[in-house]
Amino acid sequence: MFKAVIFDMDGVLADSEPLYLEAINRVLALQEVHLAQEENEAIIGTTVEGTWQWLMAHFNLPHTRDFWIAQYDSAVLQILKEKVTPSLGLYHLLEELKRRALRLAVASSSRGEWIDAVLSTLKIKGEFQAIVSAEMVERGKPHPDIFLMAAKKLNTPPHQCIVMEDSPRGIEAAKRAGMTAIALLTLYTRHLDLSRADRVIESLADFDYGILDSGL
């Protein structure tokens, strides 16, 4: 029934959400302000541009958005290369999906350089037949563009794709794309509204391989 699995990156492939918050606060320290974890929920799953548009308004920051994004980009790359770790069950899941001849893709609201840094650090870049980053689509999540592009690159109809996501925006994007959405519970998103997902799992280690043939 399903021919492809499309992974969000942050919070799904890697436990990276806290690293982005760390990078944000490293940059915000220039203005002696700090973003709390609960405030960070407002921007989880958004594009970099959307994140800093929100932060500039929230903290009434000076300078241009491009100024802040440049600072943030540098901080993120450094932190990802130093601290990123794989999600529980990641390597076994990728190996099993590959054994079953599933096509695999990454579709992330992160920038291409960040995706490359994470996949390279985790040594899984070669596992994916397609990688779609925020710069490659006009509209970010919750619009379906990023997942539809991933499906096109995999040459797979949307209804034959499973999306692994951890945020409400990502799940909404998957559903709008006509795909099956599986929500992964994480420390940073498990208390958010994930009700649009077709199934919810605690970790990648809990993936039910039975759905690949029989559906949900």
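Below, each value reflects all heavy atoms present in this structure, side chains not excepted, and no hydrogens, waters or symmetry copies.
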For Asp10, which of Ser167, Ser109, Ser110 qualifies under side-chain hydrogen bond (donor to acceptor under 3.5 Å, both in side chains)? Ser110
Does atom CG of Asn155 have more than 12 heavy-atom neighbours from other groups under 6.0 Å away? no
Shared hydrophobic cluster for Met164 and Leu88 (ILVMFWY, side-chain gaps under 4.5 Å): no
With side chain to side chain contact (heavy atoms under 4.5 Å, CB included) as the test, would you mind laying out the steps for Val84 and Trp114 before giving the verdict? CA-CA 11 Å; Val84 73; Trp114 302 355; over 6 Å; no
Answer whether the closest heavy-atom distance between the side chains of Ile131 and Asp116 falls below 4.5 Å. no
Might you point out which heavy atoms bring Leu77 and Ala117 nearest each other, and give the distance in Å? CD2-CB, 4.2 Å
Pair Ser195, Asp193: side-chain N/O donor-acceptor within cut-off below 3.5 Å: yes
Any sub-3.5 Å donor-acceptor pair from Ser87's side-chain atoms to Leu90's backbone N or O? no
Can you confirm whether Gln129 sits close enough to Thr156 that some side-chain heavy atom of one is under 4.5 Å from a side-chain heavy atom of the other? no
Spell out, yes or no, whether Leu55 and Leu21 are grouped together once hydrophobic residues are joined by side-chain heavy atoms under 4.5 Å, including indirect joins. yes
Looking at Arg65 and Glu49, does any basic side-chain N land under 4.0 Å from a carboxylate oxygen? no
Does the side chain of Met179 reach to within under 4.5 Å of the side chain of Pro158, using non-hydrogen atoms? yes
Side-chain touch Ile43/Tyr20, heavy atoms, less than 4.5 angstrom: no
Has Thr186 got a side-chain atom pairing as donor or acceptor with Thr189's backbone, closer than 3.5 angstrom? yes
Quick check against the 3.5 Å criterion: does Asp73 have a side-chain atom that pairs as donor or acceptor with the backbone of Ala70? no
Stepwise, does the side chain to side chain contact (heavy atoms under 4.5 Å, CB included) test hold for Leu102 with Ile162? CA-CA 10 Å; Leu102 271 291; Ile162 292 173; over 6 Å; no
How far apart are the C-alpha atoms of Trp68 and Phe59, what are their side-chain angles, what is the distance that settles it, and do they pass the ring-ring contact (aromatic ring centres under 6.0 Å, His included) test? CA-CA 12 Å; Trp68 292 110; Phe59 290 110; 9.8 Å; no
Checking Arg169 side chain against Ile44 main chain: does a donor-acceptor pair fall under 3.5 Å? yes
Is Ile146 linked to Phe7 within one hydrophobic cluster, defined over Ile, Leu, Val, Met, Phe, Trp and Tyr using a side-chain heavy-atom separation of less than 4.5 Å? no
Least distance between heavy atoms, Arg139 atom then Pro144 atom: NH2-CD, 4.4 Å
Evaluate the side-chain proximity of His143 to Val137: yes if any heavy-atom separation is below 4.5 Å, no if none is. no
State, to 0.1 Å, how close Ser108 and Ile115 come at their nearest heavy-atom pair, and which atoms those are. CB-CD1, 3.8 Å
From CD (Gln71) to CZ (Arg26), nearest 0.5 Å: 12.0 Å
May I ask you to decide if Leu35's main-chain N or O and Asn25's side chain share a donor-acceptor pair within less than 3.5 Å? yes
For atom NZ of Lys153, decide whether the heavy atoms of other residues, nucleotides or ligands shown that lie under 6.0 angstrom number more than 12. no
With no hydrogens and no angle check, is any side-chain donor or acceptor of Asp198 less than 3.5 Å from a backbone partner on Ala181? yes
Are Glu172 and Arg176 close enough for a salt bridge, meaning some N to O gap below 4.0 Å? yes
Hey, any chance Leu104 and Met136 share a hydrophobic cluster, counting ILVMFWY side chains that come within less than 4.5 Å of each other, even indirectly? no
Closest approach of Lys125 to Ser120 (non-hydrogen atoms, all atoms of both residues): CD-OG, 4.1 Å
When you group the ILVMFWY residues by side-chain heavy-atom contacts below 4.5 Å and let the links chain together, are Ile201 and Phe2 in the same group? yes
For the student: nearest non-hydrogen atoms of Leu13 and Asp8, plus distance: CG-O, 3.6 Å
Taking the side chain as every heavy atom from C-beta outward, state whether Ile211 and Thr180 have any pair of such atoms under 4.5 Å apart. no
Heavy-atom nearest pair, Ala105 first then Leu154, reads CB-CD1, 3.6 Å
What verdict does the side chain to side chain contact (heavy atoms under 4.5 Å, CB included) test give for Ile182 and Val5, after you've listed the backbone C-alpha separation in whole Å, the side-chain angles of each residue and the deciding distance to 0.1 Å? CA-CA 10 Å; Ile182 297 180; Val5 180; over 6 Å; no
Parallel, tilted or perpendicular, judged at 30° and 60°: which one describes the rings of His58 and Trp54? parallel
With heavy-atom distances below 4.5 Å as the criterion, would you say the side chains of Gln53 and Thr46 are in contact? no
Close side-chain approach of Leu94 to Phe128, heavy-atom, < 4.5 Å: yes
Can you measure from CG (Leu204) to CD (Glu96) and round to the nearest 0.5 angstrom? 13.5 Å
Within 6.0 Å of CD in Glu82, more than 12 heavy atoms from elsewhere: yes
Could you tell me if Trp52 and Asp66 have a donor-acceptor pair between their side chains, going purely by distance under 3.5 Å? no
